[in-house]
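Structure first, then comments.
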Amino acid sequence: MKALDKDLPGPQATERTFTTISGFPIKELYAEEDLAGFDPQRDLGEPGEFPYTRGVYRNMYRGRLWTMRQFAGFGAAEDTNLRFKYLLERGQTGLSVAFDYPTLFGYDSDHPLSYGEVGRCGVAIDSLADMEALFHGIRLDQVTTSMTTNAPAAIIWAMYLVTAEKQGANWKDLSGTIQNDILKEYIAQKTYIFPPRPSMRIIMDILHFATANVPRWNTISISGYHIREAGSTAIQELAFTLRDGIEYVEHGVRAGLDVDAFAPRLSFFFDIHNDFFEEIAKLRAARRIWARVMEERFGARNPRSLLCRIHSQTAGVSPPSNRTTTWCVLRSRRWPRYWAGLSPCTPIRWMKLSRCPRNSRSRLRCGPSKSSRTKAACQTRQTRLGVPILSKP
């Protein structure tokens, strides 16, 4: 194809280089020759058919709308229980539990290392009684629950199962997800407790147990989200996530599990930035690569073992809208704690910073809000590093 004629009337191209968010150059125009070697049947296919590039189901969300969950958790179990009921009453179709840092690291709320973090960026769960209070009045066999827990996932999930059992539910009727992705903790989020090999043994025990006893449960949510939030590009997020997934399958097979017995319950969790086409390409590549790896490398025969089923959330970080003020979600565990006792997971609507979060001269601005959760957060900030006292919304 000939280059664009620069003599034609109209605005002329500038010398700027246009790229995706991940830095891949974007051409001025794409045409047929850019698809040289592309086989539509082999590389694209139809939705719901191998290699599932265009979707793992034939009619995708026309057949069934996606499950909608708001990541929720704060204060004591009773506080979050009220929040769950509020969300369900307003049409939310699933629950997503955020746990505080002491819970994620396996500490009780009264442990000295928990001081200042209890109930701050998630709900505090120390015992079975807390778990029962968290889901009081919510039938666990009638709602799907996602729990963002990794190192202590076996213990947290055990509490959940016992709570469901005490409600009279059959474990085989329970559906939901535990994140349980310890490999990405070493890469990005850092809420690990044990070394990698013992952690992988625990995960294999969970796979064995779930396959036999809780067959509808997603045992690992293989997560790229945290890797992207830690600074990776889209292609790095994809590469690390799929490699983590391969490692879990390798360990499962080595532990004596039939790949078609546990692989259908593996799911993925990707970050969605605001580069529309790059994110579509990332998800399409993930589906195609995973299907081929499962079939060719692991010999999977169950079609469901080939499906890259994806949960996604919009990015907590994005390119600044201007040079002076940006909205930010704070993720660093090294966040300067003298800034009003803020948690690393303080939600986006609670704060506005005049500069980059890592700049020690940034100024915090908090506006008034009728949100009970925001009021609770302000109470928390006022206590500085003290254990927050949260009232019910």
- Query: Who pairs with Thr144 by side-chain hydrogen bond (donor to acceptor under 3.5 Å, both in side chains), at least two apart in sequence or on another chain?
  - Reply: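 side-chain hydrogen bond (donor to acceptor under 3.5 Å, both in side chains) list for Thr144, sorted by chain: Arg69.
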- Task: Specify whether Trp157 and Phe209 have parallel, tilted or perpendicular ring planes, treating 30° as the upper limit for parallel and 60° as the lower limit for perpendicular.
- Result: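 Perpendicular: the ring planes of Trp157 and Phe209 meet at over 60°.
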Mind jotting down which residue pairs meet the salt bridge (charged side-chain N to carboxylate O under 4.0 Å, His left out) criterion with at least one end in [range]? Sequence neighbours excluded, please.
range            : result
residues 197-206 : none
residues 141-167 : Glu132-Lys166, Arg139-Asp141
residues 247-256 : Arg243-Glu247, Glu250-Arg297

- Does His208 NE2 have over 12 foreign heavy atoms under 6.0 Å away? yes
- Query: For atom CD of Glu32, is the number of surrounding heavy atoms from other residues, nucleotides or ligands below 6.0 Å larger than 12?
  - Reply: no
- Note on the structure: Leu44 meets the side chain to side chain contact (heavy atoms under 4.5 Å, CB included) criterion, sequence neighbours left out, with Phe38, Thr53, Arg54, Arg284
- Task: Examine the side chains of Ser114 and Tyr101 and answer whether a donor and an acceptor come within less than 3.5 Å of each other.
- Result: no
- Message: Under a plain distance cut-off of 3.5 Å, with no hydrogens placed, do Ser221 and Asp181 share a side-chain donor-acceptor pair?
- Response: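 Checked: Asp181/Ser221 side chains show no N/O donor-acceptor pair below 3.5 Å.
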- Do any pairs count as a side-chain hydrogen bond (donor to acceptor under 3.5 Å, both in side chains) and have a residue in residues 298-308, sequence neighbours left out, and if so which ones?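 Of all non-adjacent pairs touching residues 298-308, those that pass side-chain hydrogen bond (donor to acceptor under 3.5 Å, both in side chains) are Asp260-Ser305.
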- Message: Are Phe276 and Leu283 connected into the same hydrophobic cluster when the rule is that any two of I, L, V, M, F, W, Y join if their side-chain heavy atoms are below 4.5 Å apart?
- Response: no
- Message: Checking ring pair (Phe, Tyr, Trp, His ring centres under 6.0 Å) between Trp290 and each of Phe50, Phe268, Tyr52, which is the one that passes?
- Response: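 Exactly one pass, corresponding to Phe268.
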- Message: With heavy-atom distances below 4.5 Å as the criterion, would you say the side chains of Ile220 and Thr177 are in contact?
- Response: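 Result no, sub-4.5 Å side-chain heavy-atom pair not found.
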